[in-house]
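So the structure is just underneath, and the comments pick up after that.
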Protein chains: 2
Amino acid sequence: MDRGPLPTRVDQVDLDVLENTLSFYIRVLDVAVSRDLDERLQGFEVARGKWKITALLLIDNHPGIRPSVLAEIAFKDRSAMGRILDQFEVHGLITRRVSAEDGRAQELYITEKGSALAAKVRSIVVQQSKDFFDRIIPPAEQDVVIDVLKRAYHRLREIQE
Amino acid sequence: MDRGPLPTRVDQVDLDVLENTLSFYIRVLDVAVSRDLDERLQGFEVARGKWKITALLLIDNHPGIRPSVLAEIAFKDRSAMGRILDQFEVHGLITRRVSAEDGRAQELYITEKGSALAAKVRSIVVQQSKDFFDRIIPPAEQDVVIDVLKRAYHRLREIQE
DNA sequence: TATTGTTATACTCTATAACTATA
DNA sequence: TATAGTTATAGAGTATAACAATA
């Protein structure tokens, strides 16, 4: 079967069935946007890794939130989230208290340092997403995609509960 | 500042600025869809890791394709792609030949075993994406998202060349 | 001097299971 | 017996730099 010249350049390559497979685009765009975000967060305690940002912002915004709730939101198990929280504690970003209502559970609270970091991270994350996607998706279409994916995420949360 | 009862349940939590940040949805959906896909590919040589599938299908579909082209498509560096190709070779899925035109470059070819695997993987990947997203995004909206993200991906490729 | 691919390394994430303390 | 969180570990991906061979 002749397929033409050897594919030595990217523009000679088609993506096979991946061309119309949504999971491919989610996965490849995740790599690109996550790498770009990590670059912008270099030097901050939340750089690298997907869930530190989410954990920090939610602890800042929801004093007393539990580790298990964070884990569920991030589709992670408790042990992985626990390690992130260990790091946060070491860096003085949060404190952990045993819940008065349930001796097994913890309540997470942001520190002053953590709150200051959350404020910075909040603006960086929003700006990064905007800057990154503005280069490759027209704003009106971004709104459409966010709308669809937002509902997809919440639907997925319902299914997996 | 009173924010109501302690957030002990997921539905009491809002996502802060992430609620309207596209990168968050790309990142969280990537985790979920990738995990689901890995489960379906258990036992196959391409399970785990994001780029084995892409590499295998493209080598199958583009005989003679170069490692550096694969790396570029996947936004990965050559060393990471090289290690995936090492695995493929060990498993007898591909062969590598030095290019006749350029002694530095390699040409990659699928083996019979690799081609058989590619055929299986092709159908699994397509079906998995469909099954996964059909549960959380109406088909018509999936088409819209694919259309937008496809252009975003190709635009990103252009920018990064 | 630049490019293709390899090797080495250090870091991180992932998945799993076993464990404790409490309910 | 189930749940919240911890600890330990093995496997894999990621990022970076240095390297050899070729252009």
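Nothing here was measured: the structure is a model prediction, and the numbers come from that model. Side chains included, hydrogens not; waters and symmetry mates left out as well; all remaining heavy atoms used. Naming convention: chains lettered A, B, ... in sequence-line order (proteins, then strands); numbering from 1 in each chain.
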Worksheet entry | Presence of salt bridge, E89(B) and R96(B), under 4.0 angstrom | yes
Worksheet entry | Sequence-aligned protein contact record of nucleotides 13-23 of chain D, with B where the base is within under 4.0 Å of a protein heavy atom and S where only the sugar-phosphate is | SBBB-----BS
Discussion item. Output the rounded distance in Å from CG (L41(B)) to P (dA15(C)).
Written reply: 14 Å
Worksheet item: Atom CG of L108(B) to atom P of dG5(C): distance rounded to whole Å?
Response: 8 Å
Worksheet entry | Atom-to-atom span, CG of L85(A) to C1' of dC13(C) - whole angstrom | 15 Å
Worksheet item: Hey, is R78(A) close enough to E72(A) for a salt bridge, meaning N to O under 4.0 Å?
Response: no
Discussion item. Using whole Å, what does the distance between atom C1' of nucleotide dT14(C) and atom CG of D36(B) come to?
Written reply: 16 Å
Fill in: Other residues, nucleotides, ligands: >12 heavy atoms within 6.0 Å of R48(B) CZ
no
Item to complete: Calculate the interatomic distance between E107(B) atom CD and dT4(C) atom C1'; express it in whole Å.
Response: 13 Å
Worksheet item: Should we say atom NZ of K130(B) is surrounded by more than 12 heavy atoms from elsewhere, each under 6.0 Å from it?
Response: no
Discussion item. If the threshold is 4.0 Å, N to carboxylate O, is there a salt bridge linking R66(B) and E107(B)?
Written reply: no
Practice prompt. Please determine, by modelled atom types, if D131(B) and Q127(B) share a side-chain donor-acceptor pair under 3.5 angstrom.
Written response: yes
Practice prompt. Look at the side-chain N and O atoms of S99(B) and state whether any lies under 4.0 Å from the OP1 or OP2 oxygen of dT4(C).
Written response: no
Discussion item. Just the rounded figure in Å: distance from C1' of dG5(D) to CD1 of I94(A).
Written reply: 13 Å
Fill in: Separation of dT14(C) C1' from M81(A) CE (nearest whole Å)
13 Å
